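These numbers come from a predicted model, not from an experiment. For reference, positions follow the sequence shown, starting with 1.
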Amino acid sequence: MPTYLARRIGQSLLTVFLTLTTVFLLVRLAPGDPASAYAAPSATSADLARIREQFGLDEPLFVQYGYFVRDLFTGDLGTSYSFHSPALDVVLDRMPYTITLAVSAIAVTTLVAVPLGVWMARRADTRRELGANVLTMAGQSMPDFWTGVMLLTVFAVLVPVLPASGFTSWSGLVLPTVTVAVLQLALISRLVRREMSTALASSYVTVARSRGVSESALTWRYALANSSVPLVTALGTRFAALLNGVVVVEVVFGWPGVGSLVVRALETRDYPLIQATVLVTATLAILVQLLVDLAYPLLDPRVRLGKAA
């Protein structure tokens with residue numbers, strides 16, 4: 001385990017570094033001038049040249065990259081052009097909102113999708129299962145911006161029981177959470193249904209049933225336990241994706257997370273802010289994937305972490 005953990009941490013650090021390097025190059029090769037986005041509309045050519053010199057944008061690309069690597073290892077990702085504050089601090093201020101939305105969406109998804117998928121598997125090839133399958137396919141097909149707009153129209157305009165935007169109270173978390181969870185719920189419930197159907201049709205379940213094991217134990221103790229590895233993998237992957245910010249949902253609901261922050265950073269060509277956002281979100285996503293990998297031996301004793309695996 002220590003060897004495996006050390007190897008994975010090394011791989012994760014390398015992945016984050018290569019990701020940041022790629023983002024560094026791509027944002028500077030993209031069209032647009034950060035100095036023009038930062039300066040006032042009436043700025044002259046001399047003003048733009050002064051701004052480029054102030055932020056080191058007049059240096060050759062390899063020189064800028066050298067400064068970037070040096071500052072990266074000291075924890076200094078520069079000052080945000082648009083917020084006039086350390087870029088890393090700006091991202092860390094927004095990150096709790098994104099984490100809150102991601103955790104609530106995954107919690108709702110797990111509490112609803114797992115029982116729904118089990119119920120569908122227990123009633124495979126019946127009219128009830130067909131109806132539930134149609135509903136999940138519809139949820140998987142609906143774009144999140146359309147779901148968000150419909151929820152806003154119903155629960156914030158026609159029947160104004162929930163706030164339309166922002167996070168002034170916990171009730172403001174309801175509509176964004178449901179919007180994000182609809183798609184996740186459809187994906188996870190269909191995964192659980194497929195894995196549970198395979199497990200319930202396996203020989204060990206047939207043998208356990210012949211020995212008088214109750215259907216409840218067969219479902220929750222045997223079949224679901226053997227379906228836990230792909231389920232946890234899917235949940236971990238979706239959670240890691242949500243930590244990168246649900247851009248459309250955050251914009252629709254005015255959610256102050258990193259997704260809407262990225263939109264502003266791209267509009268203003270705010271290089272330090274983009275790089276800080278990628279660093280934080282990539283680190284959290286890789287950490288979640290590492291925790292999922294470490295959970296495999298606990299879920300299935302046949303899984304072993306190490307050189308042989």
Side-chain angles (χ1 to χ4, degrees), residues 82-83 89-120 128 131-193 231 234-267 273 277 280-281 284-285 288:
S82 52
F83 287 90
D89 293 343
V90 175
V91 176
L92 293 178
D93 288 341
R94 294 290 192 97
M95 203 64 214
Y97 295 99
T98 296
I99 293 176
T100 300
L101 179 58
V103 169
S104 62
I106 287 297
V108 171
T109 299
T110 304
L111 293 175
V112 177
V114 174
L116 177 61
V118 172
W119 182 86
M120 293 168 63
R128 293 182 179 181
N133 207 19
V134 170
L135 290 177
T136 56
M137 290 181 64
Q140 188 174 345
S141 303
M142 291 189 298
D144 49 7
F145 70 85
W146 184 88
T147 305
V149 170
M150 292 299 101
L151 291 175
L152 278 176
T153 303
V154 175
F155 296 104
V157 178
L158 298 179
V159 185
V161 295
L162 293 171
S165 63
F167 187 31
T168 56
S169 64
W170 287 105
S171 59
L173 182 62
V174 176
L175 293 182
T177 297
V178 174
T179 302
V180 175
V182 165
L183 176 60
Q184 317 305 322
L185 191 153
L187 294 172
I188 299 301
S189 62
R190 290 171 63 82
L191 170 69
V192 174
R193 189 265 183 199
L231 173 60
L235 289 173
T237 301
R238 301 311 306 168
F239 182 63
L242 294 178
L243 289 177
N244 291 321
V246 191
V247 177
V248 175
V249 175
E250 291 187 7
V251 171
V252 169
F253 291 99
W255 192 258
V258 295
S260 55
L261 187 66
V262 169
V263 173
R264 179 171 178 176
L266 292 174
E267 290 175 348
L273 190 57
T277 303
V280 174
T281 56
L284 289 176
V288 169

Gap separating the [atom1] atom of [X] from the [atom2] atom of [Y], nearest 0.5 angstrom:
| X | Y | atom1 | atom2 | answer |
| --- | --- | --- | --- | --- |
| Phe167 | Leu101 | CZ | CG | 9.5 Å |
| Thr98 | Leu243 | OG1 | CG | 8.0 Å |
| Leu185 | Arg238 | CG | CZ | 12.5 Å |
| Thr277 | Leu92 | OG1 | CG | 9.5 Å |
| Thr281 | Leu242 | OG1 | CG | 12.5 Å |
| Arg94 | Arg264 | CZ | CZ | 7.5 Å |

For residues [X] and [Y], determine if any side-chain heavy atom of one lies less than 4.5 Å from a side-chain heavy atom of the other.
| X | Y | value |
| --- | --- | --- |
| Leu284 | Met95 | yes |
| Phe239 | Val103 | yes |
| Ile188 | Leu231 | yes |
| Leu173 | Trp255 | yes |
| Leu152 | Val157 | no |

Check: Should we count CE of Met150 as having more than 12 external heavy atoms under 6.0 Å?
Finding: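 More than 12 within 6.0 Å, yes.
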Checklist line | Phe83 CZ: over 12 foreign heavy atoms closer than 6.0 Å | finding: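 Counting neighbours around CZ of Phe83, more than 12 heavy atoms of other residues, nucleotides or ligands fall under 6.0 Å, so yes.
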Please find the pair of heavy atoms, one from [X] and one from [Y], that lie closest to each other, and give the distance.
| X | Y | result |
| --- | --- | --- |
| Ala105 | Ala181 | O-CB, 4.0 Å |
| Phe253 | Pro176 | CG-CG, 3.8 Å |
| Ser82 | Leu273 | OG-CD2, 4.3 Å |
| Pro256 | Tyr97 | O-CD1, 3.4 Å |
| Thr110 | Pro115 | O-CD, 3.7 Å |
| Thr136 | Ser189 | CG2-OG, 3.4 Å |

Notebook entry, point to check: So, Gln184 side chain and Thr109 main chain: donor-acceptor pair closer than 3.5 Å or not?
Noted result: no
Item checked: Residue that, paired with Val182, satisfies side-chain contact (heavy atoms from CB on, under 4.5 Å) out of Val108, Thr147, Asp144 ->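 Checked Val108, Thr147, Asp144 against Val182; only one passes side-chain contact (heavy atoms from CB on, under 4.5 Å): Thr147.
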Check: In chain order, what residues pass the side chain to side chain donor-acceptor pair (under 3.5 Å) check against Thr177, with sequence neighbours excluded?
Finding: Ser104
Checklist line | Candidate pair Val258 and Val280, rule side-chain contact (heavy atoms from CB on, under 4.5 Å), full reasoning | finding: CA-CA 10 Å; Val258 295; Val280 174; over 6 Å; no
